[in-house]
Structures are given as C-alpha cells and as structure tokens.
Protein chains: 2
Amino acid sequence: MNRPARPPAGLRERKKAQTRRTIQEQALRLFLDQGYDNTTVGQIARAADVSSMTFFRHFPTKESVVESDDYDPLVVRLIEQRPPEETPLAALRHALQEGLAGVYATDREALFVRTRLILTTPALRARLWENQHATEEMLTTALAARCGQEPALRLRVTAAAALAALTAALTVWVEGDGEAHLPALVEEAFAALRP
Amino acid sequence: MNRPARPPAGLRERKKAQTRRTIQEQALRLFLDQGYDNTTVGQIARAADVSSMTFFRHFPTKESVVESDDYDPLVVRLIEQRPPEETPLAALRHALQEGLAGVYATDREALFVRTRLILTTPALRARLWENQHATEEMLTTALAARCGQEPALRLRVTAAAALAALTAALTVWVEGDGEAHLPALVEEAFAALRP
DNA sequence: ATAACTAAAGTTAGTGACTAACACGGAGTG
DNA sequence: CACTCCGTGTTAGTCACTAACTTTAGTTAT
C-alpha cells in the first residue's frame, strides 16, 4: 500500500522523476499554446532542456505524454468495495461517479483542459479509445471477480457501455465549455442505459 | 440512385479504379502474410507496381487501406425504415442486425479475416475507434431524425452503447476463431443492455 | 489525325516520429 | 578511492507522409 509522497529515495531517481515531470509540463504547455500537431518532439525536448532521445526514454510516444491512467486501479478498487447485491451496471455507475467526484472536486480546471485537448485532437482521441479498451478489460475482470461469474460477453458489453456513457458525458461537458455539472451529466448518461 | 455496376465510364477512370483495387489487394495480402507493422508502404507500392506517392494519392494513410465504411449509409437507411414506435435501442439493434445479415451471408470469410486483422493490430484498432466515433454521430443523428427529438445526450449514449455491443460481439467472434454464429452473439450482446 | 488540354502517375527532396548502437559522466556501492 | 551502473547525449538510420515539379497518357477539339 505505497501511498504517494514516497521518501526522496536517492538523488538519481529524484532527478529522473524531475526530468519526466518537466517534459510533461512543457509538452502540455506547448500543446495548449500552439496545438498538438504544430508541436514537435524536438521543441518539447528543447523546452525541457533535454535531448530528443531523452523524451522517448520517458514516454514511448508523443501521444503518451498526455495520458494519466492513474484512474484505472482506483476504479477497480472502488468496484470491489461495492455491495455485492448491486447489479454490475449500478456498481460501475457508482464506482465511476465516486472516482470522478474526487478529481472533479479538486482538479476540475485541469481535467477540463486536458479532456478538451484530447477530444479535439484526432491522434489523442484515437489513443483514448485504445486506453478505453484496456480499461474495459480491467473493469470486466473486476466485475467478474465481484459476483463470481466468469468474464462473459454480457459483462464486457456492460463495461463497454458504461465507458461509452462516461465518454459521452465528458464530450457534452467539453462541448458546453465545462459549464454544466459533470456528475449530473454522467448520471443522465447512465440513465439512458436503463430504458 | 446509382447502383454499383456503373457503365465503364471512360478508360482513365477505369484504370484509376483498377490501380486503387490492386493497391488494396496487395496491401491486404502483405498484411496477412507478414503482419501490418512489418509491411512498409514501399513494399505495397512495389507489389502493386506503382510508386509510393501513388499509394498516398489513393489512400490518405497506411491504415485507411483496410477500412471499408460502406456500412454507415446502409445502416442509416435501415434505421429510417424501422417502425417509429420502436425504442431507439431496438431500432438500432434491428438495423445493425439486418445490415450485418447481408455481409454475414455472403462474405463471412472476408469479414472474419479483415476483422481479426483490425482487432489484433493496435494501429488499426485505434483507427477503428475513431471510425466508430464518426459512426456514432451518424447514428445519433439518424435516431434523432426518426422520432423528432434533437440529438441529446441520451441518444448519443444509446448509439455508443449499441456500437460497443456490436464490437464486443465481433471481438468474441474473432476470439472464438469465427466458429460461433455471429448474429446470435450480437443478439446476446444487446441483451446485456436491457437488464 | 494531330494538336491542345488535363488528370494520373513519377521524381525528388524534404519533415517528423521513432529506433539502435555506442560513448560519456556522474550517482551509487564496497 | 576505485568500480559499476544508469540516465543521458550523439549519430545515423527507417518509415510514414507532404510539397513542388515533371512526365506520361487519356480525352477533346480542330
């Protein structure tokens, strides 16, 4: 159970982490300033004061700088904690809402900017779907473990539909310039799944 | 209402269409032979006896050779023909099933090979999601037009969920080496959306 | 039929994402 | 203090894709 705020743990590692953070910050700044496609890896590297190679040592692709993907394990944990009598879909809905609530309360602005960047950049959007597929598999497994079933087609569909609902809500949220209440949008999106 | 089988319509156009077809055939052959990532555009061009530039004159990206996307307009037409008293989800289910039935009856083997190639190649899978997003918008619009509503969040979620169900069914179909009855899988996938 | 028009295809020379191979230098360890 | 390792820089590539220009060949008009 290693919570964040790990002790300094060695100068070398700290420097590495620092480099990584700097690259990511500069990348996001440049992407927002001049657009994703108009920004080259070389520019990012120069802004972070490293060589282009170092960029790829920390991030396998240009797209991967934008991702976070710290949510998946959190949501899986939340699913495990849902009462077992809940339907899979309800468990997913509550777990996703809980997970979102935290981010929404503390980092709403950052979430908005990042989401808009992703949804308006084709290359990043494509990457997003790929990640969703991985997330879908994790959710399916978590759901299957919860009620003893094996990960069948139906659970897969449920997980995929839940993620589709979440994405649709995020899309509408961004299209409305972030003025709507995101949790309410998510709730409405999930409502469309129980006709 | 130009049905296929258009008259020859000029030597130049025919030659162009022929070149395009050759490129696509050779590309698919090479992809299946040696894998997508191990095949370069230059190889495809050489196999089709054209220059690399010509490849990009016919297909904007290497990924786009694999797509067909002739389904979207067909499905939209099928949606418009569904009886108006059907729920949006039911209309989608029937339209997608009808559209699939045609391909499944005549081109099952080709559908299987192409689907497996896409689902097992990360770059193509990413592209698939992108296309699904476009499809989702068309379906949402079609659904909205059907029952006079405006394209709200709920319809978007419905369309996205339906596509997720279809994709899940296709995935399971491919994982089972194409031995299952695809329409039945689709039916089961949609069943998961009515709990 | 031949000349004039035009669109498809080739050629060349790039950019940018990403990789492999090797060298350097400072952080970790005895 | 020496020795090892690991993060980084350098160089030289490959491959997808683009732009500018030329060549070739189908089409059209004289």
Side-chain angles (χ1 to χ4, degrees), chain A residues 6-28 30-31 33-67 117-118 121-127 130, chain B residues 6-28 30-31 33-67 117-118 121-127 130:
Chain A
R6 197 170 302 172
L11 176 54
R12 199 138 74 186
E13 276 188 47
R14 260 180 299 146
K15 277 187 119 173
K16 182 176 180 181
Q18 176 61 44
T19 303
R20 187 192 155 88
R21 218 175 313 129
T22 306
I23 292 176
Q24 198 160 36
E25 284 167 6
Q26 295 301 317
L28 283 176
L30 287 169
F31 289 165
D33 270 17
Q34 27 174 296
Y36 178 84
D37 291 316
N38 299 323
T39 305
T40 72
V41 171
Q43 282 174 31
I44 300 170
R46 220 172 303 127
D49 206 42
V50 295
S51 81
S52 303
M53 265 307 308
T54 300
F55 176 94
F56 289 108
R57 285 222 178 73
H58 286 275
F59 301 95
T61 64
K62 183 180 168 188
E63 292 127 31
S64 60
V65 188
V66 184
E67 292 155 25
L117 177 64
I118 292 176
T121 306
L124 294 176
R125 230 169 32 206
R127 187 75 178 214
E130 262 307 279
Chain B
R6 197 171 304 173
L11 177 54
R12 195 136 81 188
E13 277 187 46
R14 262 180 298 147
K15 276 189 117 172
K16 182 176 180 183
Q18 176 59 46
T19 303
R20 186 191 156 89
R21 217 173 314 129
T22 307
I23 293 176
Q24 199 161 35
E25 284 168 7
Q26 294 301 317
L28 283 176
L30 287 169
F31 290 164
D33 269 17
Q34 26 173 294
Y36 178 84
D37 291 316
N38 299 324
T39 306
T40 72
V41 171
Q43 283 174 30
I44 300 170
R46 220 172 304 128
D49 205 43
V50 295
S51 81
S52 304
M53 266 305 310
T54 300
F55 177 94
F56 289 109
R57 285 224 178 75
H58 286 275
F59 301 95
T61 64
K62 182 180 168 188
E63 292 127 30
S64 59
V65 186
V66 183
E67 291 155 26
L117 177 64
I118 292 175
T121 307
L124 294 176
R125 230 167 35 205
R127 186 76 179 212
E130 262 306 279

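Each chain gets a letter, A, B and so on, in the order the sequences are listed, and its residues count up from 1. As the structure is a computational prediction, the values presented were derived from the model and not from experiment. Hydrogens, waters and symmetry mates play no part in the numbers below; they use all other heavy atoms, side chains included.
Among residue pairs with one or both ends in residues 57-66 of chain B, those qualifying as salt bridge (Lys or Arg N to Asp or Glu O under 4.0 Å) are Glu63(B)-Arg127(B); sequence neighbours excluded.
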Which donor-acceptor pairs under 3.5 Å do side chains of residues 40-47 of chain B form with protein atoms, sequence neighbours excluded?
unit_1, atom_1, unit_2, atom_2, d
Thr40(B), OG1, Gly42(B), N, 3.4
Thr40(B), OG1, Gln43(B), N, 3.1

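In this view, Gln24(B) satisfies the side-chain hydrogen bond (donor to acceptor under 3.5 Å, both in side chains) rule with no residue, not counting sequence neighbours. Under the rule for a side-chain hydrogen bond (donor to acceptor under 3.5 Å, both in side chains), the partners of Thr54(A) that lie at least two apart in sequence or sit in another chain are Ser51(A). Residues passing the ring pair (Phe, Tyr, Trp, His ring centres under 6.0 Å) test with Phe56(B): none are found, sequence neighbours excluded. Shown here are the side-chain hydrogen bond (donor to acceptor under 3.5 Å, both in side chains) partners of Thr39(B), two or more places apart in sequence or in another chain: Gln34(B). Judged as a side-chain hydrogen bond (donor to acceptor under 3.5 Å, both in side chains), and not counting sequence neighbours, the contacts of Thr22(A) are Gln18(A).
Spacing between atom CD of Gln18(B) and atom C1' of dA9(C) amounts to 15 Å, rounded to whole angstrom units. In this entry the distance linking CG of Asp37(A) with P of dT18(D) reads 11 Å, nearest Å. A straight line from CD of Glu63(B) to C1' of dC17(D) spans 11 Å, rounded to a whole angstrom. Summarising the geometry, the separation between CZ on Arg20(A) and P on dG7(D) is reported as 13 Å, rounded to the nearest angstrom. If you take NZ of Lys16(A) and P of dC5(D), they are 17 Å apart, rounded to a whole angstrom. In this structure, the CZ atom of Phe56(B) is 17 Å from the P atom of dA20(D), given to the nearest Å. Whole-Å rounding puts the Gln43(A) CD to dC18(C) C1' distance at 17 Å. As rounded to whole Å, 14 Å separates atom P of dA16(D) from atom CD1 of Ile23(B).
Between His58(A) and dG7(D) there is no side-chain N or O to OP1 or OP2 distance below 4.0 Å. Contact between the side-chain N/O atoms of Thr19(A) and the OP1/OP2 oxygens of dG7(D) is not found at any separation under 4.0 Å.
Distance check, rounded to the nearest 0.5 Å: NZ of Lys16(A) to CZ of Arg21(A) gives 13.5 Å.
Considering Ile23(B), Asp33(B), Leu117(B) in turn, Leu117(B) is the only one that fulfils the side-chain contact (heavy atoms from CB on, under 4.5 Å) rule with Leu28(B).
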Protein-nucleic acid N or O pairs under 3.5 Å, nucleotides 10-16 of chain C:
unit_1, atom_1, unit_2, atom_2, d
dG10(C), OP1, Ser51(B), N, 3.3
dG10(C), OP2, Ser51(B), N, 2.8
dG10(C), OP2, Ser51(B), OG, 2.9
dG10(C), OP2, Thr54(B), OG1, 2.1
dG10(C), N7, Arg57(B), NH1, 3.4
dG10(C), O6, Arg57(B), NH2, 2.6

Item to complete: Heavy atoms under 4.0 Å is the rule here; annotate nucleotides 22-30 of chain D 5' to 3' with B where the base is hit, S where only the sugar-phosphate is, and - elsewhere.
Response: ----BS---
